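Below you'll find the structure, written out as structure tokens, and then a few comments.
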Amino acid sequence: MTNKKKQKWVVTSAWPYVNATPHLGNLIGSVLSADVFARYLRLKGDEVVYVSGSDMHGTPVAVTAKKEGIKPQELAMNNHQKIKELFQAWQISYDNYTQTHNETHIDFVQKFYLDIQKNGYINEKEIQSLYCSHDKFYLPDRFVEGICPHCGFEDARGDQCDQCQKLLTPLDLKEPRCAICDEIPEIRKTKHWYMNFPKLQDELTALIEKNDIIPQNAKQVCLNSIKEGLPERAITRDLKWGIPAPFEGAEEKTIYVWFEAVLGYVSAVKEWAKKQKSNPEQFNYFWKDSETKTVYFIGKDNIIFHLIVFPGLLMAYNKDKAEDDKLVLPYNVSSTEWLMYENDKFSKSRGIGIWIDEALELAPLDYWRFNLVYNRPERSDTSFLWSEFENNINTLNDVIGNFIHRILTFIHKQYESKVPERIDLDERDIEFLSKITSISEKVELYIDNFELRKSIREIVEFAREGNIYLNDKAPWHIIRNNKKAAGHVFNLCAQMVYALAILLGPFIPDTSRKILSFLNFNEDLNKLGWHSISKNAVNAGTKIKKPIPVFQKLDVSEIKDKLDEIKQSKSKDSKVIDMIEYNNFKKLDIRIATVEEVEDVPKADKLYKLTINVGEEKRTLAAGLAEYYKPEELIGKKIAVLVNLEPKKLRGVLSQGMLLAAVDGENVSVLTPDKDIPSGAKIE
RNA sequence: AGCGGGGUGGGCUAGCCUGGUUUAUGCCGCAGGGCUCAUAACCCUGAGACCGUUCGUUCAAAUCGAACCCCCGCUACCA
């Protein structure tokens, strides 16, 4: 083997948003995948920093904090702590798991943007924005409606015309009006700071095209979106909770979360480096060496941000830097598809899926780690199925765990716990040993290609080879008249047990350690190293410990029941209903109405336009029923309608009220009166 | 509607980029057998797929192209 220089890596996983507990899909998409990869690299002896952190800023945090009557910072910090602890429980081997509301990050971000500004990539734009003096705020594009300048469509939105599909800005619209109150907004001047992505278009294209390790799907998505033309994007926001924008004149603004959280990949290493007393120059050592490989593990929703926005920012920053002062551009972005739960998407509000705190209450950690990687959604969306979970756990237990146990107990019982001697090899032995000497390379090939799913399956296959060999040799026969010859078989198998322990290290570290300790290898896994797998790893005469099965089967139906229990107790907590005063209820004017007409709404597959009769008056309603009712099922029906709700325009239909329906997931039922009663009757 | 991903034996899936080396791979399940060292585990054999549909390119297509159908996600509509 050549004595290569150690490779340097910065491994990262997507920054979880602090306002939500991650679920299994989030975990395998970024955090766990990155962990396996980082552990593998360390095991191989490369130099690795693995970082991530909580994304603390943004509107939802501010809103939740306000609701709970605490400071955003306090809320974010609490949640960050919880997430951090959970990742520790999952044995995610971060070198630094930090958060975006820390000094190093804030300072780094501010200086970073000033540099980009100096390099000429920030455009300050005094824009004319539409301000609604009735609702008292600047209207985002979508909240302005008017006449499309291209096709004359009357209900074009400020970002796009639904009729001709052309992209618009609010000021293009003729006769603009506020989508909320229909008032005419006034034009006000406001300043924002924009990142000039168009200027980087060619460089970005080149970067993505020449990189042949990024997955095909990601490449496609990015090149398409570049081809369509990258827009300049505003990096400032009029929001308080966030990092203050450093630009002159931007005192009241903060940096848009999306444009600062990604910089955490850099600042988190910086923060980590500061703590390395022995070598505080570690930051430059990693981030400013063009040989360093940086990898980003993310879900597919994040591709554009990691392959266009983030590298774009780095390029802009690097412009005026000397060669050895440039931040290194991404080596690879490993993006997964979605993990589904029994063919449904994870949904907090509907209680569908398993969250990472719940999982740990249901089964031991390594069963989850194994199962998730085994099923990593690499090629397409993949369902978490309980039947497959059971299957996979059995595989882990029967194929790997039981093999190890067969070997160790035999040695324990028949050879006084000492690994027996080896004698002459026959052809079958040679074939078997060749599996051991070639396995690490096979697995490497997959992991180096970010195909974790295949890599772990290859390891299972390897253990199967062990079972086959054992069966072919049947040492339990041989031992009757030749104890030495039987021992020989177990010597070889012991090499495989060792190999399994090392191979499993990145995936299920606990188990790996356990196996090694049975073999009396008590050194740190990384000290032993990936390349210690060999046909002579375990010496004859090595004393082993009394084995205990490393896995056991689980009763999956019991686990499911337990999950239901957890879910129920949670929903009880959240079902404390807020009481309202009777006066508030009295404000609601709910009446019986007859459905007279039902029309489809163009370009809206969920909406119907209903014409209803409320006593003397006819009204128009927009109702999201198209997926649940056919028009003829509704016509003539008497329904309950909230009639004094603010009118609101939906897809060009002015909805004057809201129809009442009972909803339980996909089951939707329109409310109708029990007896015949005239339209217009009031509900009290 | 726009964008993205996918449709392979009963279930999950490999192969698809780089057409032939696959009588379409593997796991589970099913049927039969073997073994008894081990956690009723392990090993072997077998049955089971017109590779979503149609058309095209080619000596040759699951693999390339076109059209269509269906599923899923994101975005917009759910008052």
Side-chain angles (χ1 to χ4, degrees), chain A residues 25 142 157 159-160 162-163 165 167 212 215-221 224-225 228 299-301 303-304 337-340 343-346 374-375 377 379-385 387-392 394-395 397-399 401-414 453-454 457-458 460-461 463-464 466-479 486 489-490 493 547-553 601-609 621-628 641-643 645-661 663 668:
Chain A
R142 253 182 239 144
R157 280 175 304 145
D159 54 348
Q160 193 176 23
D162 283 335
Q163 186 154 295
Q165 302 294 326
L167 296 177
D212 42 44
Q216 202 52 42
N217 63 344
K219 217 168 192 172
Q220 202 60 47
V221 172
N224 276 353
S225 99
E228 282 168 22
K300 64 177 167 185
D301 53 329
I303 290 173
I304 300 266
E337 305 288 317
W338 301 128
L339 184 72
M340 314 280 282
N343 295 316
D344 225 328
K345 75 169 173 164
F346 280 71
Y374 198 83
N375 240 343
R379 205 172 105 83
S380 57
D381 293 351
T382 302
S383 258
F384 173 93
L385 300 174
S387 58
E388 288 296 308
F389 178 78
E390 181 165 26
N391 227 204
N392 299 342
N394 285 346
T395 298
N397 180 67
D398 299 344
V399 179
N402 186 42
F403 172 75
I404 292 167
H405 196 62
R406 298 170 84 175
I407 304 307
L408 297 183
T409 45
F410 206 101
I411 293 174
H412 175 70
K413 284 185 190 162
Q414 302 292 340
R453 176 183 171 120
K454 283 186 188 161
R457 283 163 189 250
E458 187 67 39
V460 172
E461 208 39 52
R464 278 209 168 87
N467 282 313
I468 296 173
Y469 173 74
L470 205 56
N471 229 76
D472 287 354
K473 286 279 178 172
W476 43 91
H477 281 315
I478 305 176
I479 197 167
V489 173
F490 285 95
C493 287
I548 307 161
V550 282
F551 304 110
Q552 52 187 333
K553 296 208 175 200
V601 178
K603 306 209 172 188
D605 20 284
K606 294 189 186 172
L607 276 190
Y608 279 143
K609 178 181 171 184
L621 288 190
L625 291 176
E627 288 181 339
Y628 312 107
V641 177
L642 177 63
V643 292
L645 183 71
E646 286 194 305
K648 158 90 198 212
K649 197 165 260 184
L650 295 166
R651 285 272 137 166
V653 177
L654 186 69
S655 185
Q656 305 163 294
M658 176 168 126
L659 161 165
L660 303 188
V663 180
V668 173

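Please read these numbers as outputs of a predicted model, since none were measured by experiment. Chain letters run A, B, ... following the sequence lines, proteins first and then strands; every chain starts at 1.
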*Give the rounded distance in Å between these two atoms: CD1 of A:I304 and P of B:rG4.*
11 Å
*With both distances kept under 3.5 Å, what pairs with B:rG2, Watson-Crick or G-U wobble?*
B:rC74
*What integer number of Å spans the P atoms of B:rC17 and B:rA31?*
39 Å
_Touch class at under 4.0 angstrom, heavy-atom based, for A:N397 against every strand present_ = base
*asked:* Does A:A623 reach a base, just sugar-phosphate, or nothing at all? Heavy atoms under 4.0 Å.
replied: sugar-phosphate
*P atom, B:rG11 versus B:rG33: distance in rounded Å?*
27 Å
*Select from A:M340 and A:G401 the residue whose nearest nucleotide in RNA chain B is closer to the 5' end of that strand.*
A:G401
*Test side chain to side chain contact (heavy atoms under 4.5 Å, CB included) on A:N375 and A:R453 and set out the steps.*
CA-CA 6 Å; A:N375 240 343; A:R453 176 183 171 120; 3.9 Å; yes
_By the 4.0 Å heavy-atom rule, please label A:A486 as base, sugar-phosphate, or nothing._
nothing
*B:rG32 pairs with, by Watson-Crick or G-U criteria that keep both distances under 3.5 Å*: B:rC44
*Describe the nucleic acid contact of A:V550 in one word from base, sugar-phosphate, nothing, applying a heavy-atom distance below 4.0 Å.*
base
*asked:* Tell me which nucleotide, if any, is Watson-Crick or G-U wobble paired with B:rC68 when both distances must be under 3.5 Å.
replied: B:rG52
_Quick check: closest heavy atoms across A:H405 and A:P547, and the distance to 0.1 Å?_
CE1-O, 4.1 Å
_Taking side chain to side chain contact (heavy atoms under 4.5 Å, CB included) as the definition, give me every residue that meets it alongside A:K553, ordered by chain and number, with sequence neighbours left out._
A:N394, A:N397, A:D398
*Fit a plane to each ring of A:F389 and A:F384, take the angle between them on a 0 to 90° scale, and name the class: parallel (under 30°), tilted (30 to 60°) or perpendicular (over 60°).*
tilted
*Could you tell me the separation between the NZ atom of A:K553 and the P atom of B:rC28, rounded to a whole number of Å?*
11 Å
*So does A:I548 have more than 12 non-hydrogen atoms from other groups sitting under 6.0 Å from CD1?*
no
*asked:* Measuring only the C1' atom in each nucleotide, how far is B:rU75 from B:rG9? A whole number of Å is fine.
replied: 37 Å
_Rounded interatomic separation in angstrom, taking CZ from A:F384 and P from B:rG73_ = 18 Å
*Round to a whole Å and report the spacing from CZ of A:F490 to C1' of B:rC42.*
12 Å
_What's the gap between B:rG19 and B:rU63 when it is taken at their P atoms, as a whole Å value?_
12 Å
*asked:* Going by salt bridge (charged side-chain N to carboxylate O under 4.0 Å, His left out), name the residues that satisfy it together with A:D472, two or more places apart in sequence or in a different chain.
replied: A:R428
*Euclidean distance, atom CZ of residue A:F551 to atom C1' of B:rU39 [Å, nearest integer]*: 12 Å
_What is the separation between atom CG on A:N467 and atom P on B:rC42, rounded to the nearest whole Å?_
7 Å
*Of A:K413 and A:R464, whose closest RNA chain B nucleotide lies nearer the 5' terminus?*
A:R464
*Would you mind reading off the distance between A:L339 atom CG and B:rG73 atom C1', rounded to a whole angstrom?*
13 Å
*How far does the C1' atom of B:rU53 sit from the matching atom of B:rU13, given to the nearest Å?*
23 Å
*Select base, sugar-phosphate, or nothing to describe what A:G657 touches, counting heavy atoms under 4.0 Å on all strands.*
sugar-phosphate
*For A:K473, what residues pass the side chain to side chain donor-acceptor pair (under 3.5 Å) criterion, not counting sequence neighbours?*
A:D426, A:D429
*Across the strands shown, which category fits A:N402 at heavy-atom distances under 4.0 angstrom: base, sugar-phosphate, nothing?*
base
*Drop me the distance from A:L659's CG to A:L642's CG, to the nearest 0.5 angstrom.*
10.5 Å
_A:W476 ring over B:rC37 six-membered base ring, under 5.5 Å and 30°_ = yes
*Using the C1' atoms only, state how far B:rG52 lies from B:rA62, rounded to an integer number of Å.*
12 Å
*Can you figure out which of B:rC43, B:rC37, B:rG73 approaches the side chain of A:W338 most closely?*
B:rG73
*Across all strands, who's sitting opposite B:rA62 as a Watson-Crick or G-U wobble pair, both distances under 3.5 Å?*
none
*Determine which nucleotide pairs with B:rC37, using a 3.5 Å limit on both distances of a Watson-Crick or G-U wobble pair.*
none
*Could you pull out all residues at least two apart from A:Y374 that satisfy side chain to side chain donor-acceptor pair (under 3.5 Å)?*
none
*Using atom P of each nucleotide, how far apart are B:rA67 and B:rG2 to the nearest Å?*
14 Å
Measure all distances between protein nitrogen or oxygen atoms and nitrogen or oxygen atoms of nucleotides 10-15 of chain B, and list the pairs falling under 3.5 Å.
residue : atom : partner : partner atom : Å
B:rG15  : OP1  : A:K454  : NZ           : 2.9

*How many Å lie between CD on A:E337 and C1' on B:rG4, as a whole number?*
8 Å
*Just compare B:rA79, B:rC74, B:rC27 and give me whichever is closest to any side-chain atom of A:K345.*
B:rC74
*Considering only the C1' atoms, how many Å lie between B:rG29 and B:rU23, rounded to the nearest integer?*
23 Å
_Any base atoms under 4.0 Å from A:F403, or only sugar-phosphate, or nothing? Heavy atoms, all strands._
nothing
*Taking OP1 and OP2 of B:rU36, is either one under 4.0 Å from a side-chain nitrogen or oxygen of A:H477?*
yes
*Could I get the full list of ring pair (Phe, Tyr, Trp, His ring centres under 6.0 Å) partners for A:F403, not counting sequence neighbours?*
none
*Under 3.5 Å on both distances, the Watson-Crick or G-U partner of B:rU21*: none
